[in-house]
Amino acid sequence: MKAFNKLVTRKITKNKSRYFSILLIILLGVAFYSGIKATSPNMQIAANNYFNNQNFMDIEIISPTGFSEDDLKTIKLIPEVNDISLAYSTEVYVNLNNTKLIIKLLSLSSYINKPSLIKGHLPQNNQECVVDPQFLKQSDFNIGDTVTFSSDITLNTILVTNVCTIVGIINLPQYISLDRGVSHSLGGEINSYILLNDDAFVLPKYTHAYLTINHPSNFSRFSDEYDHLLKTATEKLKHPSWVVLDINSNAGFLGYKSDAERIAAIGNVFPIVFFLVATLVSLTSMTRLVENDRTEIGTLISLGYNRKSIIKGYLTYAISASLLGSVFGVILGFLIFPRVIFSSYSMLYTLPPLVVTLIPKHVLFATMIAVLLVSVTTYFVCSKLFKTTPAILMRPKSPTAGKRIFLERISFIWKRLNFNQKITYRNLIRYKKRFFMTIFGIMGCTALLLTGFGLKDSIGDISHKQFDEIRPYDMELTLKDHLTQTELAPIHQTLIDYEINQIFYANQTPLEVEDHFIRNIYLFVPDTQENMDEFIHLRMRSNHREINLNDDEVIITEKLASLLDVGIDSQLTIVTNNQQRLTVKIGGIVENYIYHYVYMSKPLYEQLTQQNFSPNVILGKTSIDEASLSPNLLKQPVVKSVRFVSSIKTYFVDMIEALDIVVLILIISAELLALIVLFSLTNINIDERKRELATIKVLGFYDIEVSSYIYRENMILTFIGSILGLIFGYFLVQYVLVTAEVDMLMFSREIKPQSFINSVLLTCIFAFFVNFIMHFRLKHINMIESLKNVE
């Protein structure tokens, strides 16, 4: 048995290239699978631990009239409720030199939604406050500065004073994303939040209640069981005058949960291709190894070794390679992927640093699949060979016989080919197994490369398509509601004074769809449709055909239609910001990439709402600098906020950059896979044809001609595999795009021609690189090999 163990050890040392090709391909597949699959749960664990430490709410109840003692008793009687914390909230302005920030004021809670102190200290009296880090970025304020609040209403009915001193900087668990919500009282998006002590408010009743529910220990806020508990509790909290929101209504939590799920979905797709290619490489490597050892196997059987023992030796070879590859793959996967991806998302979310936790089930699954694939292919190869008698095994295998190929029957083509070209085409068909293995391997690599580039194209195109093609305006003014023409006249004149003649009036308000929770939906009602296409293009994505509003139907954006699973002529019940329920018919679905819109004509709006149309938004085109224009527009009493498209672009560029890191990982992984596959298959090809290559050297071929003999075949197979990979990759891109989208975004679904070219070029470059390396091996083929005959 010792002699047999030595034989196995020598087999590994003598066949290091095959051994390491199996090890590396398994390492890459396991690293990618275990790393990507670990990223999503690790992101969830990091967020869940943070929420637990800050005692993040499970449910928020908003009462416009405030909570009475009876209300509190009703809430506490619900068995699912564990604890309750009451808070005040209001929205105010903070005036800066060139803009007006909308600020959400909150009362400080010490045990639910606990703030995380970054710098300074918490308020100690009703004239001190702590601020959102985002507030300091948007202004020139710092700790020790005094902030003055303003509003459209008298603030002394809400606050003790409208002046406070900044004493600290904090993060709140309910604001882990950059989204601070929408102000329904002031209009526009909330810029930041500021926290005050309870005694800084003079409101008669608390307006917000934060609840935690009873749940088992070690629970996850991202689990289905938790969602079921939330649903049960919220159903029991229904009240005619309350707005009940669970944690899934929180923009930060929902966005983070969606991003983690998208990463998990990508992790379900890509490793499949990796493992399929690994199976092909393993099958080819082990087939060639066993075929090379025919004489040795025949001798061992003749000496009395049973077939199981011999198979065990080859299984030891294959399984040891796959196990080592799995171990190193798991280590690299866990060290690299979760940290890199989480760090890219840290620009979008405020969370503590990631502590990577090993996920045993993913490690075991990846290792099991890797070992199983290699073991099964090895056993299959050995079993097939052992059906042959020892006497035949002890003789070298006869070379594959050459046959007439189909191209030879097309005489007008065949007769124009030179000798080398004819040999190349015959050899391609002669070695069918290598032909298909190489093509499928290259196809998988090219498909992964195209998927990476396609994702980058689709993600990168969002900003350009949305803000340069679909909504090509420069600024958006939010106005007070229900303005008359007389009240609108001053702001109209101000715009004309600044030579902003391209303006468009509309009514835009937040919207909900009945029985669906989808954030960032807006009802958009244009004042007129005459010049609407200069500011908003209502067009189909597939053919850019323009769609016009009519007075009987609405038009909705494509991603919203997808989320609601509706189409043209479907009925839709929408809920306006003043809680009116309107049933409308969908007349068109238009291209849009950021947020969701329902477009309705002015007559239809007035008919359904029984209200006169009044614009609350002005869209404008201008080349004037934002800093010069904003202060003068904000001086107008009817203007609530001024938002320039350039600032929105910056926000989405940051979001897209986070996804770009994931895309880069996919491209690098695909490139490494292509390199390993080409190296392994070319190496095997040379081993298979040593006698043939030695013979043509004896016939007088120079080294470069011998190399070209192999190169031509490799490049043809690489090209065929690349073209098939582009076809497979196109469909893979479409699947991954749908999987990786977040609810508020839609990717462009378009792959640039350059990405197809780059995918093929990269694959060909790797093929050239491998050919260059193999040239030196071909130079050292011994011509004596040509004298070795079958007999």
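Note that the numbering runs from 1 along the sequence shown for the chain.
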All side chain to side chain donor-acceptor pair (under 3.5 Å) counterparts of Asn507, not counting sequence neighbours = none
Strictly by modelled atom types, are His537 and Asp533 linked by a side-chain donor-acceptor pair under 3.5 Å?
-> no
Under the salt bridge (charged side-chain N to carboxylate O under 4.0 Å, His left out) rule, collect the residues that match up with Glu476, sequence neighbours excluded.
-> Arg643
How are the rings of Tyr730 and Phe756 set to each other: parallel, tilted or perpendicular (split at 30° and 60°)?
-> parallel
Among Gln466, Lys559, Lys465, side chain to side chain donor-acceptor pair (under 3.5 Å) partner for Asn592 = Gln466
Check whether the ring centres of Phe253 and Phe222 lie less than 6.0 Å apart, and answer yes or no.
-> yes
Return yes if a side-chain donor-acceptor contact under 3.5 Å exists between Gln138 and Ser192, otherwise no.
-> yes
Sub-4.5 Å side-chain heavy-atom contact between Ile618 and Phe504 = no
May I ask you to check whether over 12 heavy atoms, not counting those of Phe768, lie within 6.0 Å of atom CZ?
-> no
Going by an N to O cut-off under 4.0 Å, is there a salt bridge joining Arg539 and Glu546?
-> no
Between Phe453 and Ser759, the two heavy atoms sitting closest are CD1-OG, 3.5 Å
For Glu512, does the CD atom sit with more than 12 other heavy atoms under 6.0 Å from it, leaving out its own atoms?
-> no
Correct closest heavy-atom pair for Gln508 and Tyr522 would be CG-CB, 4.1 Å
side-chain hydrogen bond (donor to acceptor under 3.5 Å, both in side chains): pairs with one or both residues in residues 606-619, sequence neighbours excluded | Asp481-Asn616
Can you find a heavy atom in the side chain of Ile555 that is under 4.5 Å from one in the side chain of Asn548?
-> no
Is there a side chain to side chain contact (heavy atoms under 4.5 Å, CB included) between Ile263 and Tyr345 once you walk through the steps?
-> CA-CA 11 Å; Ile263 298 297; Tyr345 278 100; 4.0 Å; yes
State plainly whether the residues Asp461 and Lys456 are in salt-bridge range, i.e. N to O under 4.0 Å.
-> no
Between Phe535 and Tyr473, what is the ring plane arrangement, given parallel below 30°, perpendicular above 60°, and tilted in between?
-> tilted
More than 12 heavy atoms of other groups within 6.0 Å of Gln493 CD | yes
Could you list the residues that satisfy side chain to side chain donor-acceptor pair (under 3.5 Å) with Thr484, not counting sequence neighbours?
-> Glu487
When every non-hydrogen atom of Leu560 is compared with those of His596, the smallest separation belongs to N-ND1, 3.8 Å
Tyr349 side chain vs Tyr256 backbone, donor-acceptor pair below 3.5 Å | yes
Could you list the residues that satisfy salt bridge (charged side-chain N to carboxylate O under 4.0 Å, His left out) with Glu553, not counting sequence neighbours?
-> Lys585
Flag if over 12 foreign heavy atoms under 6.0 Å of CD, Gln571 = yes
How far apart are the C-alpha atoms of Glu514 and Leu572, what are their side-chain angles, what is the distance that settles it, and do they pass the side chain to side chain contact (heavy atoms under 4.5 Å, CB included) test?
-> CA-CA 8 Å; Glu514 193 171 59; Leu572 194 66; over 6 Å; no
Side chains of Ser40 and Glu261, donor plus acceptor under 3.5 Å | no
Minimum heavy-atom distance Leu450-Leu726, with the two atoms named = CD2-O, 3.4 Å
Is the NE2 atom of His482 crowded by more than 12 outside heavy atoms at less than 6.0 Å?
-> no
Do you know the tightest heavy-atom contact between Gly587 and Ile568?
-> O-CG2, 4.1 Å
Do the numbers put Arg471 on top of the ring of Tyr597, so that NZ or CZ is under 6.0 Å from the six-membered ring centre and no more than 45° off the axis?
-> yes
Picking from Glu558, Glu750, Glu469, what satisfies salt bridge (Lys or Arg N to Asp or Glu O under 4.0 Å) with Arg541?
-> Glu558
Starting from the C-alpha separation in whole Å, work towards a yes-or-no answer on side chain to side chain contact (heavy atoms under 4.5 Å, CB included) for Val566 and Ile556.
-> CA-CA 10 Å; Val566 295; Ile556 68 172; 3.9 Å; yes
N/O donor-acceptor pair under 3.5 Å between Thr718 side chain and Asn714 backbone = yes
Polar side chain donor-acceptor pair, Thr763 to Thr446, under 3.5 angstrom = yes
For Asp474, all residues meeting salt bridge (charged side-chain N to carboxylate O under 4.0 Å, His left out), sequence neighbours excluded = none
When the ring centroid of Phe337 is compared with that of Phe32, is the distance short of 6.0 Å?
-> yes
On a heavy-atom basis, the closest approach of Leu477 and Val639 is CD2-CG2, 4.4 Å
Determine whether Phe769 and Leu675 make a side-chain contact, defined as any pair of heavy atoms from C-beta on separated by less than 4.5 Å.
-> yes
Check for a donor-acceptor pair, side chain of Ser343 on one end and backbone N or O of Val340 on the other, with a separation under 3.5 Å.
-> yes
Can you tell me if Arg749 uses its side chain to pair, donor with acceptor, with the backbone of Met746 under 3.5 Å?
-> no
Are the side chain of Gln134 and the backbone of Asn191 linked by a donor-acceptor contact shorter than 3.5 Å?
-> yes
